[in-house]
Amino acid sequence: MSKMATEIIAFLLTISGWILVSSTLPTDYWKVSSVDGTVITTATFWSNLWKTCVTDSTGVSNCKDFPSMLALDAYIQVCRGLMISSVCLGFFGAILALIGMKCTKLGGSDATKARLTVLSGLHFILSGLCSMTACSIYAQRITTDFFDPLFVAQKFELGAALFIGWAGSVLCILGGFIFCFSLSGGFEMREEYAYSGAVSFSSAHKQNKMFNSPQKEERKSSRQFGRNAYV
């Protein structure tokens, strides 16, 4: 029962993290224009992985999608690939978790369900690592330009999407490690099966020995009787 409760907690953590990671893809504010040293702000610039926008003082926003994928900066392309990979890995990890958890009726034997649960944990760990790497690369580019004294263009600050992505990544990794702890349960299960098999083999051997002992004594007594009769 305690192991089942642990798996449920891990599933809630990973699903919550996966939802947070997935929500960062359509989130607008990956980076927001900095107002450091600005007295009057007439417009706010912000961007994500798909478009760049500007919001004027009246609240009207104008957005422009990135026209060409090949013309994008390399770090944006890398972040796109990592985030999409993270979402896909989390999706398949959730399916494996639903099949492998003890509270479900799918997956077959306990040993098979344990392996599926561990595989689900690995998927979520990889999903969290991909998302964390993408957010970190994007944030590193923003901070590098912000603290560069020679960078004279518009400087940006970290947007809300990065913090949401980091939080979701931590939840996915934490829940994935909890899922992987079920591997020890599979080892204990196999050891129990091996021990029960050894015990049954030993008991069968003893029974066979006890069954064969009277027959050996009977054959021995018959040989001794034949010798006595010959003499």
Side-chain angles (χ1 to χ4, degrees), residues 6-32 46-53 61 63-104 106-107 113-144 156-183:
T6 303
E7 289 181 348
I8 293 175
I9 293 174
F11 182 75
L12 293 177
L13 288 174
T14 51
I15 290 299
S16 300
W18 179 68
I19 292 174
L20 290 177
V21 170
S22 301
S23 66
T24 60
L25 278 176
T27 302
D28 293 329
Y29 297 102
W30 277 66
K31 63 180 181 180
V32 185
W46 46 273
S47 301
N48 58 11
L49 297 177
W50 316 103
K51 61 185 177 181
T52 180
C53 302
S61 297
C63 295
K64 178 183 179 182
D65 295 332
F66 294 135
S68 173
M69 184 183 70
L70 299 178
L72 286 176
D73 293 333
Y75 79 98
I76 295 181
Q77 298 184 27
V78 172
C79 291
R80 280 183 178 182
L82 288 173
M83 291 301 298
I84 294 174
S85 300
S86 176
V87 173
C88 293
L89 286 170
F91 175 76
F92 290 112
I95 295 177
L96 292 173
L98 289 174
I99 298 175
M101 292 174 63
K102 285 185 171 294
C103 58
T104 60
L106 304 174
K113 291 173 74 68
R115 296 189 187 97
L116 291 176
T117 304
V118 173
L119 187 60
S120 170
L122 294 177
H123 274 73
F124 278 115
I125 292 174
L126 292 176
S127 174
L129 291 176
C130 288
S131 175
M132 184 173 292
T133 303
C135 294
S136 299
I137 291 174
Y138 201 91
Q140 191 271 339
R141 180 61 180 266
I142 295 173
T143 54
T144 300
F156 291 87
E157 295 183 356
L158 305 181
L162 297 177
F163 298 98
I164 296 174
W166 280 324
S169 302
V170 172
L171 291 178
C172 287
I173 294 173
L174 181 60
F177 275 116
I178 296 176
F179 271 136
C180 287
F181 287 154
S182 63
L183 182 64

Spacing of CG belonging to L122 relative to OG1 belonging to T117, to within rounding of 0.5 Å
11.0 Å
Could you grab the distance from atom CG of L49 to atom CE of M83, nearest 0.5 Å is fine?
7.0 Å
When you measure from the side chain of [X] to the backbone of [Y], do you find a donor-acceptor pair of N or O atoms at a distance under 3.5 Å?
{"X": "S23", "Y": "L20", "answer": "yes"}
{"X": "W50", "Y": "D28", "answer": "no"}
{"X": "E7", "Y": "F179", "answer": "no"}
{"X": "T14", "Y": "A10", "answer": "yes"}
{"X": "S47", "Y": "T52", "answer": "no"}
{"X": "N48", "Y": "T27", "answer": "yes"}

Would you check if [X] and [Y] make a side-chain contact, meaning some heavy-atom pair closer than 4.5 Å?
{"X": "R141", "Y": "D73", "answer": "yes"}
{"X": "V87", "Y": "L25", "answer": "yes"}
{"X": "C180", "Y": "I125", "answer": "yes"}
{"X": "T133", "Y": "I137", "answer": "yes"}
{"X": "F163", "Y": "L158", "answer": "yes"}
{"X": "L162", "Y": "Y29", "answer": "no"}
{"X": "W46", "Y": "K31", "answer": "no"}

Between T104 and K113, is there a side-chain donor-acceptor contact under 3.5 Å, judged purely by atom types and distance?
yes
Is it the case that the side chains of T144 and Q140 hold a donor-acceptor pair, with the cut-off being a distance below 3.5 Å and no angle test?
yes
Any chance the SGs on C135 and C79 are under 2.5 Å from each other?
no
[X] to [Y] - nearest heavy-atom pair and separation:
{"X": "L116", "Y": "G100", "answer": "CB-CA, 3.9 Å"}
{"X": "T24", "Y": "I164", "answer": "CG2-CG2, 3.7 Å"}
{"X": "C130", "Y": "L89", "answer": "SG-CD1, 4.2 Å"}
{"X": "W166", "Y": "M132", "answer": "NE1-O, 3.9 Å"}
{"X": "F11", "Y": "A97", "answer": "CD1-CB, 3.8 Å"}

Should we say atom CZ of F91 is surrounded by more than 12 heavy atoms from elsewhere, each under 6.0 Å from it?
no
Taking S169 as the fixed residue, which of S127, S131, S86 is the one that meets the side-chain hydrogen bond (donor to acceptor under 3.5 Å, both in side chains) rule?
S131
What pairs meet the salt bridge (charged side-chain N to carboxylate O under 4.0 Å, His left out) rule with one or both residues in residues 80-90, with sequence neighbours excluded?
none
Pair W30 and Y138, ring centroids less than 6.0 Å apart:
yes
